[in-house]
Amino acid sequence: MDKLIVKGGNRLTGTVKTSGAKNAVLPIIAGSILGETPSRLDEIPQLEDVKTICGVLEYLGVKIDSSEDHALTMDTRSITAYEAPYELVHSMRASFVVMGPLLARVGHARISQPGGCAIGSRPIDLHLKGFELLGAKITQDHGFIEATAPQGLKGADIYLDFPSVGATENIMMAACLAEGTTTLENPAEEPEIVDLANYLNQMGAHVRGAGTDVIRIEGVKHMHGSDHTVIPDRIEAGTYMIGAAMTHGDVIIENVLVEHQKPLLAKLREAGVTIEEDIDRIHVTCPGELKAINIKTMPYPGFPTDMQAQMMAMMTICRGRSTVMETVFENRFMHVVELNRMGASIETTGARGALIEGPAKLTGCEVNATDLRAGAAMVLAGLVAEGKTVIGNLHHIDRGYENLVGKLQSLGADIQRIKVQE
Ligand code: UD1
């Protein structure tokens, strides 16, 4: 079992490059299923979640060449199966995003039902409703969800009750090979949706309006493989920005798309952080004291729920009372207990609200990464805590941060990964 040891007190200084976006790459890899010829993907982050989705595709018969650094070649001509088993879907809910492309390409998909998860029940009703409107027959038995459309899917008008990222991706991919036009209203508008739509269009699909509140997909008969470079990870970049702010450091973050960072940049500026923007890099300094702010997580372009835990770590050392409202997930405050154990003063108000009094004097102790972004929050808190913070449950962090330790060390942080006897 590995643990992270962070000794607080060092300022982060220097330059760090953001990796490809985890949340873009997972549906894009799944989308490759739609192509009848091989695809090549670049800027692939080296993450456990990427290994998991590749495992699902390999199980389906896709041949994947990952021998090149940060690139993947996917040959989908050999797809032989339509089933994704429990072991693979259980370890990562996002595996469910193979259902749409598989259903469209093969006319049949049987995916293990994703279980509950650390940050709420996360149902898949919107995905299934969309598939049904496209003409698929859905059955559920023995823990599996099976979708069939032997005569192919048909375009439909679909309204999403909530702009779910996964449902938007799954339905958008299924509609690419449907007969006729699909209109998807109230879809997610996240940058990762736009990146996926761009990839699908390069593969011969006809998707218009991704990134707006209506997406129209004119079905095509065939799609082919394509080359694609994945967008930078706005959540990873944001995590380093907060690290720079909390340590009063001086950090340049390279490989960012500044327009994707607007909700975070606005809040960091409000807290007193100095930010200089260029087209693909952001310079963060923080000469003065951090001030309390309020955030409310929302679907994009609102403040991202995936930055909530890291932002809360920062709020613990801001002067005054900060507030957090989590509107996207029903149970995303597991980091509160851990931050309070480090000396923070956070009170939750129901399942979705938190009050943070600062500045607290954080002190290092043993904590756990309770989910991916909560793990990042522990690391950030450790960077400013007095003494040693020992972080366990690193498999969560490994899912979504490429070379976190190496990148933070290059910025001057005192952080190490050690093996501990169980
Ligand atoms: C994706 C991201 C995740 C991010 C989240 C919200 C990936 C791989 N993961 O997750 O990092 O935190 O978007 O920005 O891209 N919901 C339903 N029914 C459904 C689907 C969703 O009620 O059928 C609810 C969920 O329970 C949740 C909310 O909608 O409360 C948002 O979920 P969704 O946008 O689907 O998130 P994911 O795609 O799972």
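Read the numbers this way: they start at 1 and go in the same order the structure lists the ligands and their atoms. On a predicted model such as this, the values are computed, not experimentally measured, just so you know.
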### Query
Hey, are S32 and Y199 close enough side-chain-wise for a donor-acceptor pair under 3.5 Å?
yes
### Query
Between T181 and E218, does any side-chain donor sit less than 3.5 Å from a side-chain acceptor?
no
Below 3.5 angstrom, do we get any N/O pair linking [X] and ligand 1?
X: G166; answer: yes
X: K22; answer: no
X: D125; answer: yes
X: P123; answer: yes
X: V165; answer: yes

### Message
With rounding to the nearest 0.5 angstrom, report the CD to NE2 distance, E36 to H222.
### Response
5.5 Å
## Note on the structure
So the atoms of ligand 1 within less than 4.0 Å of a heavy atom of A94 turn out to be 8 (C)
### Query
Would you call R332 a ligand 1 contact, heavy-atom distance under 4.0 Å?
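Contact check R332 vs ligand 1: positive.
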#### Entry: The one among I124, T305, V328 that brings a heavy atom closest to atom 30 (O) of ligand 1
V328
### Task
Out of L126, N23, D306, indicate the one that has the non-hydrogen atom closest to atom 12 (O) of ligand 1.
D306
### Query
Considering all heavy atoms of both residues, which atom of R105 and which atom of T76 are nearest to each other, and what is their separation?
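Residues R105 and T76, closest heavy atoms: NH1-O, 3.3 Å.
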### Task
Establish, yes or no, whether the cationic atom of R110 lies under 6.0 Å from the six-membered ring centre of Y82 and within 45° of the ring axis.
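Output no; distance or angle outside limits.
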### Query
Angle class for the H260/Y300 ring planes (parallel below 30°, perpendicular above 60°, tilted otherwise)?
perpendicular
### Query
Aromatic rings F333 and H335: how do their planes relate, parallel, tilted or perpendicular, breaks at 30° and 60°?
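Geometry flag for H335 against F333: perpendicular rings.
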### Message
Counting only heavy atoms closer than 4.0 Å, does ligand 1 sit against the backbone of H127, its side chain, both, or neither?
### Response
both
